[in-house]
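For reference, the structure is listed below as structure tokens.
Proteins get letters first, then strands, A, B, ... in listed order; numbering begins at 1 in each.
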Number of protein chains: 2
Amino acid sequence: MVSTIPTKVSFKAQMLLAREDAIIQSVNRLLAEKGFEAMTVDEVAADVGIAKASLYKHFPSKEDLAAAAMVSVMRRAQAFLNALPAEASAMDKLRSVVTWTMGLKLAGEMPSLPSQNSSLRITLMGNTDYMDGLMDVSDRLGAWIEAAQTQGAINPKLPPIAVLYTLYARACDPVLEFLKMGELYSNDEIIALVLSTCFEGLETR
Amino acid sequence: MVSTIPTKVSFKAQMLLAREDAIIQSVNRLLAEKGFEAMTVDEVAADVGIAKASLYKHFPSKEDLAAAAMVSVMRRAQAFLNALPAEASAMDKLRSVVTWTMGLKLAGEMPSLPSQNSSLRITLMGNTDYMDGLMDVSDRLGAWIEAAQTQGAINPKLPPIAVLYTLYARACDPVLEFLKMGELYSNDEIIALVLSTCFEGLETR
DNA sequence: GTCTATAGTTAGATAGAC
DNA sequence: GTCTATCTAACTATAGAC
């Protein structure tokens with residue numbers, strides 16, 4: 001039994017995962033484009049190229065679709081953190097992470113969820129994959145923040161939690177899209193500008 | 001005719017304005033609480049204490065309700081700008097304005113609109129009261145920004161438009177609500193923290 | 001698991017009496 | 001201008017055949 005069935009099971013499982021990946025990719029893009037409320041399940045189904053009922057066989061609700069997209073982004077973030085050079089300073093790592101998240105946002109790959117929606121919050125906080133990823137990322141960023149403060153790179157008077165929130169907020173900063181709409185600056189220039197205001201502030205140094 | 005009718009007309013007009021003020025106040029609060037998509041017209045009607053159909057006699061659509069709330073906030077902003085001491089430096093004025101907008105947000109009086117919703121954008125941009133107010137406020141802030149840059153207070157390398165967007169963005173900064181949810185800091189402390197990260201940045205000076 | 005078809009609900013907007 | 005009652009459209013979710 002072990003010798004005959006595995007390949008077939010594995011193949012089917014692979015197809016299933018591939019389809020779910022396609023779904024998540026569509027959800028991710030649509031969430032970045034229009035946000036959670038404006039995205040409809042019909043759109044997702046049409047974008048993936050399957051029927052809506054089939055979609056509900058994979059994910060039990062619209063909220064779970066969004067959660068899956070967030071888990072996906074969280075995994076990408078973890079992979080990015082893992083790939084950072086170990087010899088870099090805590091400050092450099094933090095700057096790299098923020099640069100990466102802003103790039104994701106400008107590329108239209110950062111899903112945007114309303115922080116108010118309660119049913120979505122409940123689904124997200126009940127999703128252990130998402131919560132574990134969030135905790136892991138927060139812990140690692142938190143450690144770098146405290147290290148940077150000890151080294152005198154980040155203002156030690158700021159509570160680490162406030163710094164963490166400030167960094168997270170750059171991933172959904174409306175300044176990015178406003179500057180992009182103006183069409184005066186390239187994506188790299190926009191990232192450089194916002195990175196500068198974030199770490200160095202508006203005041204002259 | 002001129003001597004007999006005016007008082008009655010004026011009285012009716014006054015009642016109408018009072019009712020519309022009450023509507024706008026409800027809309028403003030609900031928009032701050034739940035955002036545009038989550039706010040329903042039924043809720044607004046119930047909150048004001050009138051029938052939904054009556055609401056539609058005053059404002060032709062949900063989008064126009066939100067626009068009226070934005071015009072109201074814009075007027076308050078203009079009044080705040082007018083009341084700033086003329087002898088204050090450009091930099092002090094900018095800090096005061098940002099402090100004020102963050103206070104409004106923390107007090108639950110800052111309506112939050114999705115920057116993606118297109119029908120809302122169209123209504124807003126077709127509303128001359130709103131657009132005139134926005135232009136006026138932007139012009140005055142813009143002048144202060146350039147003055148502060150000339151005086152060396154604000155980093156002159158930053159494009160004024162990027163500085164303006166950055167200041168506007170503080171009015172809807174999720175860091176404010178995150179820190180408020182944590183219940184570790186008072187509203188004044190939160191404002192001081194975000195004001196510091198905004199103007200002085202995260203890096204040690 | 002995928003489909004078509006539809007149930008069930010909500011919310012924006014309107015009709016028509018007063 | 002205000003009301004009750006209703007329309008219409010859109011959307012989430014599911015039933016049931018294959």
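Listed candidates were D:dC3, C:dT2, D:dT2. Nearest to the side chain of B:Ile50 is D:dC3. In the set D:dT14, D:dC3, D:dG1, D:dT14 carries the atom at the smallest distance from any side-chain atom of A:Ala53. In the set C:dT4, C:dA13, C:dT2, C:dA13 carries the atom at the smallest distance from any side-chain atom of B:Lys52.
Residue-level contact check: B:Lys62 touches the backbone only, with heavy atoms under 4.0 Å from sugar-phosphate atoms and none from bases. B:Met15 comes within 4.0 angstrom of nothing in the nucleic acid, heavy atoms only. A:Ser54 comes within 4.0 angstrom of a nucleotide base, judged by non-hydrogen atoms across all strands.
Although no hydrogens or angles enter the test, the distance criterion places no donor-acceptor pair under 3.5 Å between the side chain of A:Lys180 and the main chain of A:Tyr185.
Going from atom CG of A:Asp42 over to atom P of D:dA13 covers 11 Å, rounded to whole Å. Atom P of nucleotide C:dT4 and atom CG of A:Leu55 are separated by 14 Å, given to the nearest angstrom. Put simply, CZ on A:Phe11 is 12 Å from P on C:dG1, counting in whole angstrom units. At whole-Å resolution of the value, CG in B:Leu16 and C1' in D:dT2 are 13 Å apart. Atom NE2 in A:His58 sits roughly 16 Å away from atom P in D:dA13 (whole-Å rounding). Atom pair A:Leu30:CG and D:dT12:C1' shows a separation of 16 Å (rounding to whole Å applied). Rounded to a whole Å, the CG atom of B:Asn117 is 15 Å from the C1' atom of D:dA10. Atom CZ of A:Phe59 is separated from atom C1' of D:dA13 by 16 Å (rounded to the nearest Å).
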After noting the C-alpha distance and the side-chain angles of B:Asp173 and B:Arg170, does the key distance pass the salt bridge (Lys or Arg N to Asp or Glu O under 4.0 Å) rule? CA-CA 5 Å; B:Asp173 195 328; B:Arg170 282 330 106 214; 2.2 Å; yes

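Between A:Phe80 and A:Trp100, the ring-plane angle classifies as parallel under the 30° and 60° cut-offs.
Ion pairing of B:Lys93 with B:Glu87 is absent here, as no side-chain N (NZ or NE/NH1/NH2) approaches a carboxylate O to less than 4.0 Å.
When each of B:Gly49 and A:Met39 is assigned the nucleotide of DNA chain D bearing its nearest heavy atom, the one mapping closer to the 5' terminus is B:Gly49.
Side-chain N/O atoms of A:Arg76 and A:Asn28 include no donor and acceptor closer than 3.5 Å.
Regarding contacts with the backbone of C:dT14, every side-chain N or O of B:Tyr56 stays at 4.0 angstrom or more from both OP1 and OP2.
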